[in-house]
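Read through the structure below, which is laid out as structure tokens, and then see the notes.
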Number of protein chains: 2
Amino acid sequence: MKTLTSRQQAVLSFVEEYFQQQGYPPTVREVAAHFGIQPRAADDHLSALKRKGYLHREPGRSRGLALTGRQPELVVEVPILGQIAAGQPLLATEQVEDTLPLPRSWVQGEEVFLLRVTGDSMAPLILPGDLVMVRVQPRVARGDIAAVLVFDEATIKRVYEEAGGLVLKGDNPDFTPLRFSPGEAAELVQILGKVVGVYRSL
Amino acid sequence: MKTLTSRQQAVLSFVEEYFQQQGYPPTVREVAAHFGIQPRAADDHLSALKRKGYLHREPGRSRGLALTGRQPELVVEVPILGQIAAGQPLLATEQVEDTLPLPRSWVQGEEVFLLRVTGDSMAPLILPGDLVMVRVQPRVARGDIAAVLVFDEATIKRVYEEAGGLVLKGDNPDFTPLRFSPGEAAELVQILGKVVGVYRSL
DNA sequence: TTGACAACTATTCTTTTGTATAGTATCTAA
DNA sequence: TTAGATACTATACAAAAGAATAGTTGTCAA
């Protein structure tokens with residue numbers, strides 16, 4: 001198999017991801033739109049990928065590209081984590097309480113889990129009993145809501161990483177922000193991932 | 001899961017086989033050609049299959065059909081309604097903008113739909129951009145949050161039915177409650193159903 | 001016996017989509 | 001240094017495809 005340029009690799013990845021999410025391949029124009037280029041340029045990339053054997057194209061057919069041995073899923077089984085223990089790998093089977101089938105379009109990214117909210121420190125945006133979807137990532141943007149492991153306990157807070165240390169703040173003013181020096185933070189605090197969705201049953 | 005007619009079963013089998021062989025789903029016209037029928041007839045079959053939850057269709061896209069993840073008992077296709085018009089039957093196909101596969105455990109009751117929230121009258125519990133799940137029912141308990149059709153426009157409000165009339169109140173104090181005399185209410189207000197879930201993407 | 005559903009025909013309209021022509025600019029290996 | 005690959009722009013066209021309008025026929029249950 002011939003090697004791909006980084007651009008071609010990116011196009012292939014996009015096609016694979018699109019396929020996983022939608023259940024069918026993208027059009028040439030959708031590839032073009034995703035990369036902000038003209039259809040012709042996208043066509044060039046897809047031709048190159050076909051020439052190098054990475055995908056199959058059926059001339060003249062809409063979405064006529066196929067990746068060998070792909071099984072698309074419309075629904076993804078997302079694990080609900082019970083108690084989260086520090087140290088352990090996050091998605092270890094002992095921690096998975098249940099799984100829920102969610103539409104692929106709601107699941108952004110690779111590693112994702114659900115967490116049942118207990119406290120109301122993030123009220124009114126996130127309430128006790130809510131289910132939050134967390135995309136696993138080791139760092140988040142300033143002010144993002146994240147699932148954070150503090151002293152062996154998982155909580156949902158806004159994260160502010162600063163030179164002076166780390167601050168975990170709830171939206172609810174009744175809760176005092178937690179402040180950590182850089183040293184403490186490294187030892188006691190672990191960002192599990194960014195909260196990307198909230199699901200509430202009324 | 002609803003049962004299929006033998007013809008619908010045959011169409012579903014063809015879609016599955018085609019998908020397995022080609023790596024992408026068939027077009028409506030290809031289904032039609034395979035059975036020797038008109039595109040419109042094939043479209044009818046595919047619509048029926050979508051309605052019964054056996055596959056997902058993306059309106060307007062070529063080959064925009066995807067097979068549901070083969071555990072249909074766990075997943076229910078919930079319609080997302082666009083503009084809701086008074087008089088029309090609620091789940092009329094013209095009003096259905098799309099459908100989303102949701103876990104059965106989240107879907108309470110038979111007739112359920114999703115609505116995209118536009119105003120912030122129910123802030124902070126429900127925010128613009130949220131998706132709310134509505135269980136269709138003609139009346140709700142006092143103080144329940146409901147999807148209500150007022151003057152041909154669908155809104156989310158708390159409903160207070162009293163001897164003196166009907167009051168629709170938003171949680172957001174910036175919004176003045178709407179009051180209707182019993183006569184006005186009967187004429188202008190229609191309760192679509194109770195809001196049983198809120199889904200928010202962050 | 002009415003009405004909903006299923007299963008179609010025939011035709012048409014409008015988008016979507018693949019692909020083409022005709023270029024430019026950059027880089028790289030012979 | 002020069003041919004070939006890469007990575008694009010801009011425009012255009014014809015075919016493919018979704019979806020709609022407007023029906024017909026048959027079945028089956030209330």
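Within a 6.0 Å sphere centred on CD of A:Glu162, other residues, nucleotides and ligands contribute more than 12 heavy atoms.
For the pair A:Arg29 and A:Asp43, the salt-bridge criterion is not met [side-chain N within less than 4.0 Å of a carboxylate O]. In this structure, A:Asp144 does not pair ionically with A:Lys157, as no charged nitrogen and carboxylate oxygen lie closer than 4.0 Å.
The interatomic distance linking A:Arg40 (CZ) with D:dA12 (P) rounds to 16 Å, in whole Å. Distance B:Asp44 CG to D:dG23 P: 16 Å, rounded to the nearest Å. Between the CG atom of B:Leu4 and the C1' atom of C:dC5 there is a distance of 14 Å, rounded to whole Å. For the pair B:Glu58 CD and D:dA19 C1', the computed distance is 15 Å after rounding to whole Å. The OH atom of B:Tyr18 sits 12 Å away from the C1' atom of D:dA17 (whole-angstrom rounding). Protein atom CG of A:Leu49 is 10 Å distant from nucleotide atom P of D:dT6, rounded to whole Å. Residue A:Gln38 contributes atom CD, which lies 13 Å from atom P of D:dA12 at whole-angstrom precision. What separates CD of A:Glu30 from P of C:dT19 is a distance of 15 Å, to the nearest Å.
With values rounded to the nearest 0.5 angstrom, A:Trp106 atom CH2 is found 5.5 Å from B:Leu131 atom CG.
Residue contacts for B:Arg7: at a heavy-atom cut-off of 4.0 Å it reaches the sugar-phosphate backbone alone, with no base atom in range.
Within the structure, a side-chain polar atom (N or O) of B:His45 is placed less than 4.0 Å from OP1 or OP2 of C:dA7. Contact annotation: A:Thr5 side-chain N/O to D:dA7 OP1/OP2 distance is under 4.0 Å. Put simply, B:Ser62 has no side-chain N or O that comes within less than 4.0 Å of OP1 or OP2 on C:dT16. Contact annotation: B:Gln8 side-chain N/O to C:dA7 OP1/OP2 distance is under 4.0 Å.
Between B:Gly36 and B:Gly60, the residue anchored nearer the 5' end of DNA chain C, judged by the nucleotide with its closest heavy atom, is B:Gly36. Comparing B:Ile37 and A:Arg61 by the nucleotide of DNA chain C whose heavy atom lies nearest to each, the residue mapping closer to the 5' end is B:Ile37.
Counted by atom type alone, A:Gln137 and A:Arg135 present one or more donor-acceptor pairs between their side chains at under 3.5 Å.
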